[in-house]
Amino acid sequence: MVSVTFPDGAQRQFPAGVTGFEIAKGISPSLAKRTIAMALDGVVVDLADPIQQDAKIEFVDREDPRALELIRHDCAHVLAEAVQALWPGTQVTIGPVIENGFYYDFFRETPFTPEDFVAIEKKMREIIARDAPLTKEVWSREDAISFFEKKGEAFKVELVQSIPGNEDLKIYKQGEWLDLCRGPHMTSVGKIGTAFKLMKVAGAYWRGKSENPMLSRIYGTAFAKQEQLDAYLKQIEEAERRDHRRLGREMDLFHFQEEAPGAIFWHPKGWTLFQTLVAYMRRRLSGDYQEVNAPQLMDKNMWEISGHWGWYRENMFMSKSAGDDTEDERTYAIKPMNCPGHVQIFKHGLRSYRDLPIRFAEFGVVHRYEPSGAMHGVMRVRAFTQDDAHIFCTEEQLAEECHKINELILSVYGDFGFGRIVVKLSTRPEKRVGTDAMWDHAEAVMMRVLDEIKARHGDIIETSLNPGEGAFYGPKFEYVLRDAIGRDWQCGTTQVDFNLPERFGAFYISPTSEKTPPVMVHRAICGSLERFTGILIEHFAGHMPLWLSPVQVVVATITQDADDYAFELIAAMRKRGLRVDADVRNEKINYKVREHSLAKIPVMVVVGKKEALEKTVSIRRLGSQAQTAMTMEEAIASLVEEATPPDVKRID
RNA sequence: GCCGCUUUAGCUCAGCUGGUAGAGCACAUCAUUCGUAAUGAUGGGGUCACAGGUUCGAGUCCUGUAAGCGGCACCA
């Protein structure tokens, strides 16, 4: 007998091996009918699973949040069945649930197109309407392999072979069709319902390895209710509206063109935004860091010494004198990173342990030959500006420096309103320099710091491990922010490097007068300022806070009678440091309001005869139809206050 | 880089199964001086991404190249 505890606390005895379905049916047929799975001690399993030991039971129905994953997973199976019904010979591989839905990867001569969706969805609806029960069987390895071999499912055979011997091979059947699957699943495919949609097709490598064959992936999503699906689709639309590429065009911030793939043409307003960010970051450095600037081009031997030429060459641009008669035949590399330059500055002169830590910062423009398919607006480019710094310190100072950087990063992100931040620790990659002992040591320090960060800032920080994802010269922390469309972007980073200073023969004189290589910490707060700008644009949906907005105020006149007053106002505002434009065109005020609203100008100051006479202004804020009247002095004072960057506000 | 798709005026897009380019917005000129999301009239503007090919004839079909988009892989 087993003792089963119900959610209300009641306990009942059942023969061992009783299924959840039997228990539910014993309570009421309607409960059995609407229950799609059960949770035993909080773990969701098949309703038909036998209960072998005492457990707390919960019956999961379609409305249960935990059912969503099952609905999507079952939907992926139905997708696979539909595809094989429509195109026999298509091989199935895997079909997992992901954050906002599911996908299924197929192997097929001709990939799917979105036009196929109509037919596939129709077939899926047929399959769901048939409501075949989902039943589980455990097969032997041999049976599974021979079954899938006979079916010509080479990928499934490979999957079976890769499952550890001590694990059961579970097969889920839905009518005639079946799939190898870990489960759990609902009781029948009819429980999926009709609130599902195929979203897009894409190529994806088998098992995520670029040397493997390319599969054809179909993405889909499913919800318990149609309203939820509709809401999700609407949310996607809204996210697309705040795509930085779209806003960049609408707000006239930047553009791209064929001649410079992966490089940004910053327009006046975009560049002002960018420079406002730079100015902010520069202020945040003062006191702790010394700003430097190292050459854009250096002889490639510099990069041979650093190891980049060996490990990173595929990603580098190089350059030579273009003249026909030049005597300089040397090959120069365009810097993909700032570190070697900073090491040269460190090396210039003799350093004492008393000088450490030395922190060199640079708004360094780097060029990296990124794969063509990687480019994405200003988020992923081939030429970008890092808010980079390199800290030369002793081993004893390392942990403290990591913490100092962490505090700065969190403070900066906080100023921009980012709440949820993921910090990942990436450990040694396969391609790397340095001894295992060095890596052991560096990783141990980083691990300790990560735990401490988590303990201090667990409320806003989520931490995780990224095994094998470190830089070739050392482990790193990655600070990840999420864009409007739910894509994650690495921004800040802290990378410990026990390698580069030694390679360049950099050292300091220790208390015992010995030449000692310093520990080097590479660090960036925004990471790429271009990317960070893009994230800001999306984060604020173009409605930048006043201090960041490239044009803060537009003074618009109603008639020409107010022109002189408008210019007087503008002069007064500029004198106080506000970024103001005039709009004295011969256009209706409606037209001007509309135009500047679309351009996302945060503040419109409207002046006509009345205001000119009284020395007042009528203020209209972006996103609101309300108008506030106040005196010129009041208006300027409050705008100046609001336009003060958050870090400057903190000073007094 | 890989799979698929896309590329027509400054922008957003029409252009059926091949018969020598169209709209809206924007821009220019003129009129209008009008109190909070589009005043009206007139006008200019495209070797249809680029290079080949098929055809009597290509924006439309085929091939290649480039850039972009959605993913994958890579990454700040």
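Everything quoted here is computed from the prediction, not taken from an experiment. The figures that follow rest on heavy atoms only: side chains count, while hydrogens, waters and symmetry mates do not.
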inquiry  = Is the shortest side-chain heavy-atom distance between A/Q490 and A/Y479 below 4.5 Å?
reply    =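 No. Closest side-chain heavy atoms not under 4.5 Å.
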key: Interface with RNA chain B, restricted to residues 580-596 of chain A and to heavy atoms under 4.0 Å   =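 Residues of residues 580-596 of chain A under 4.0 Å from RNA chain B: A/N586, A/E587, A/K588, A/I589, A/N590, A/Y591, A/V593, A/R594.
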query = With under 30° as parallel and over 60° as perpendicular, where do the rings of A/H539 and A/F418 fit, or are they tilted in between?
reply = tilted
Let me know the distance between [atom1] of [X] and [atom2] of [N], rounded to the nearest Å.
X      : N      : atom1 : atom2 : result
A/Y219 : B/rC69 : OH    : C1'   : 15 Å
A/E240 : B/rC69 : CD    : C1'   : 11 Å
A/H255 : B/rA67 : NE2   : C1'   : 13 Å
A/R380 : B/rC69 : CZ    : C1'   : 16 Å
A/H376 : B/rC74 : NE2   : P     : 18 Å

query = Can a salt bridge be assigned to the pair A/R246 and A/E538 using a cut-off of 4.0 Å between side-chain N and carboxylate O?
reply = no
inquiry  = One thing to verify: whether A/R523 and A/D388 come together as a salt bridge, which I'm taking to mean a side-chain N less than 4.0 angstrom from a carboxylate O.
reply    =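 Here A/D388 does not pair with A/R523 in a salt bridge, since their nearest N and O are not under 4.0 Å apart.
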Pairwise P distance, B/rU47 and B/rG59 [rounded to whole Å] = 13 Å
message = With rounding to the closest Å, how many angstrom separate the C1' atoms on B/rC27 and B/rU65?
response = 34 Å
inquiry  = So if I apply the side chain to side chain contact (heavy atoms under 4.5 Å, CB included) rule between A/F106 and each of A/L215, A/L79, A/T93, which one comes out positive?
reply    = A/L79
inquiry  = Can you tell me if A/K200 touches the phosphate of B/rG71, counting only side-chain N or O atoms and a distance under 4.0 Å to OP1 or OP2?
reply    =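 For A/K200, the contact criterion (side-chain N or O under 4.0 Å from OP1 or OP2 of B/rG71) is met.
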Can we call the ring centroids of [X] and [Y] under 6.0 Å apart?
X      : Y      : answer
A/Y289 : A/F360 : no
A/F107 : A/F155 : yes
A/W87  : A/F112 : yes

Suppose we define a pair by two distances each less than 3.5 Å, Watson-Crick or G-U wobble; what does [N] pair with here?
N      : result
B/rC74 : none
B/rC25 : B/rG10
B/rC61 : B/rG53
B/rA31 : B/rU39
B/rG68 : B/rC5

query = What is the per-nucleotide protein-contact pattern of nucleotides 2-9 of chain B, from the 5' end, where B denotes a base atom under 4.0 Å from a protein heavy atom, S denotes such proximity for sugar-phosphate atoms only, and - denotes neither?
reply = BBS-----
query = For RNA chain B, whose closest nucleotide is more 5', that of A/R249 or that of A/M375?
reply = A/R249
task = Give A/Q490 one of three labels, base, sugar-phosphate or nothing, depending on what nucleic acid heavy atoms sit under 4.0 Å from its own.
result =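 Sugar-phosphate, no base atom in range.
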request  = Give A/E611 one of three labels, base, sugar-phosphate or nothing, depending on what nucleic acid heavy atoms sit under 4.0 Å from its own.
outcome  =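 Contact class for A/E611: base.
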